[in-house]
Amino acid sequence: NLFLGDGPGDDPTAMSRSEAEAYADAYTSTGENAKRGAVAVQGCCECRQPPAAGNKLRACGGCLQATYCSDACQRAAWTDHKRVCKTVGDSRAKLVASLQQRTAPGGVKRNLKKEREALFKWFDGALDVGHKVMFLAWKHRAESPLITVHTPSTRPGAVARVRMVPRSDWDDASKGSTGYRSKAMVTALRAHFSRRDFHADRACIVNFSVQSPTEDPGEALNEMSELGFSDYIKKVHTSVLKLLTADEYAAEYLRRQRYPDNLVTFVRLTGLVGAAHLNGVEGVLKGPARNCPERFTVHLEDGSGKDVDVKRQNYELLPRPRLVNREFQ
């Protein structure tokens, strides 16, 4: 659940309806997250709804992590939640203790909230990461996978590593009990996948880890979230899941997002000597150069926004894979 309060009662970090809806706006149909095919579960851990107007989400008094919009929802969720409440609470307590050693008195809750906000803001902007997550989760949904996203920081441009860990791996006690196989993690994952309302064709489980979520060094921040699949990923042809890598899928999705009319020609620069640093960079072929007919203008897709003029032998056409079912008819 992305909406995590830090305590029950009148705790100032509990989320009001307006705060919850602000997160919802970022992670549902109007946010960047939806553009990449990921829709985050939001609000109450039981009913998935924001709190009623004037109310706040309240955290479980045991783990201070799971949040609910009402006492009725908390009671309904207890059958599932009681199996993981203690281990989740213990993990949170360790993180709080670590933060207390390097945080001014009273600043732990503020730092936790700040780090979580920075994490999800980063994820919302890292579109390629979201596409990779959705591709791997949908492809391996029959394996009860944990999708792990590790980033060294939440600064823009940070390069994240996305992995798919099948249940045969994360639930294998013989492989040790560190990282995603820790007791707390495995207990939480078992509880997630055994929930009566969890469906592998509707959602996936993602664990985010940030080595340095703020400028301060220290223990990595870990957040486990449930992300729902959008209609788009469900329309991806089965052959695409078999033949493309997550990187290739994400790259093609982003091309289509930037150029929805799909009428452009993508190329990759190669064989450059004087500008060898551009070899491997992708771009859009714009046509013959204005002042040099034997060269061609390529608009670079590396974020620089620059155009370069190159000879025909210095670019290669990029094949454009089909993605969704209607393209195979």
Side-chain angles (χ1 to χ4, degrees), residues 26 29-38 121-136 138-139 149 151 153-162 230-237 239-329:
S29 60
T30 58
E32 290 299 327
N33 206 299
K35 295 178 184 177
R36 62 169 162 263
K121 181 179 180 181
W122 166 82
F123 180 59
D124 199 43
L127 301 184
D128 62 320
V129 176
H131 293 313
K132 294 173 187 177
V133 167
M134 288 292 101
F135 181 85
L136 290 174
W138 183 251
K139 177 178 180 177
V149 177
T151 176
S153 74
T154 53
R155 299 183 183 90
V159 180
R161 184 174 69 251
V162 183
S230 74
D231 289 338
Y232 189 90
I233 193 66
K234 298 176 184 179
K235 296 175 182 177
V236 170
H237 196 267
S239 65
V240 173
L241 300 175
K242 295 177 181 178
L243 299 176
L244 294 190
T245 65
D247 287 349
E248 291 169 337
Y249 170 81
E252 176 59 21
Y253 194 113
L254 288 175
R255 294 186 196 111
R256 296 180 179 211
Q257 186 175 331
R258 288 193 294 269
Y259 302 95
D261 56 11
N262 210 26
L263 297 177
V264 298
T265 300
F266 283 88
V267 298
R268 180 184 293 115
L269 301 183
T270 182
L272 295 170
V273 178
H277 63 286
L278 293 179
N279 288 328
V281 174
E282 296 181 8
V284 174
L285 185 65
K286 299 177 69 174
R290 179 174 302 177
N291 300 319
C292 191
E294 69 271 17
R295 290 176 178 266
F296 294 83
T297 300
V298 176
H299 178 74
L300 301 182
E301 289 289 302
D302 61 353
S304 67
K306 295 181 179 180
D307 289 348
V308 296
D309 296 336
V310 299
K311 296 180 179 179
R312 175 62 187 86
Q313 63 265 30
N314 291 127
Y315 69 81
E316 57 186 13
L317 298 177
L318 284 178
R320 299 291 303 280
R322 295 176 290 179
L323 294 184
V324 295
N325 292 324
R326 59 180 172 79
E327 296 172 355
F328 288 80
Q329 296 174 353

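Side-chain atoms are counted along with the backbone in the values below, which use heavy atoms only and exclude waters and symmetry mates.
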Closest non-hydrogen atom pair, [X] against [Y]:
X	Y	value
A160	V129	CB-CG2, 4.0 Å
S153	A158	O-CB, 3.5 Å
I233	S230	CG2-O, 3.3 Å
P321	E252	CD-OE1, 3.6 Å

Query raised in the report: Take atom CZ in R312; do more than 12 heavy atoms of anything else shown fall under 6.0 Å from it?
Result: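 It does: R312 CZ has more than 12 such atoms within range.
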
Has the side chain of [X] got a donor or acceptor atom that lies under 3.5 Å from a matching backbone atom of [Y]?
X	Y	answer
T151	T154	no
K139	L241	yes
R322	F328	no

Does a side chain donor of either [X] or [Y] reach within less than 3.5 Å of an acceptor in the other side chain?
X	Y	result
D247	T245	no
H299	D307	yes
N279	T270	no

Close side-chain approach of [X] and [Y], heavy atoms under 4.5 Å:
X	Y	answer
V149	W122	yes
L269	V308	yes
N291	D309	no

Query raised in the report: Below 4.0 angstrom, N of the basic side chain to O of the carboxylate: do E282 and R258 qualify?
Result: no

Just verifying a value: how many Å separate [X] [atom1] and [Y] [atom2], rounded to the nearest 0.5 Å?
X	Y	atom1	atom2	result
M134	K234	CE	NZ	11.0 Å
H237	R326	NE2	CZ	13.0 Å
T265	F296	OG1	CZ	11.5 Å

Query raised in the report: Using the benzene-type ring in the case of Trp, are the ring centres of Y253 and Y232 under 6.0 Å apart?
Result: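 When the ring centroids of Y253 and Y232 are compared, they turn out to be within the sub-6.0 Å range.
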
Query - The single option from R256, K235, R320 passing salt bridge (Lys or Arg N to Asp or Glu O under 4.0 Å) against E327 - result: R256

Report task. Only one of L254, V267, V281, V284 passes side-chain contact (heavy atoms from CB on, under 4.5 Å) with E301; say which it is. Result -> V284

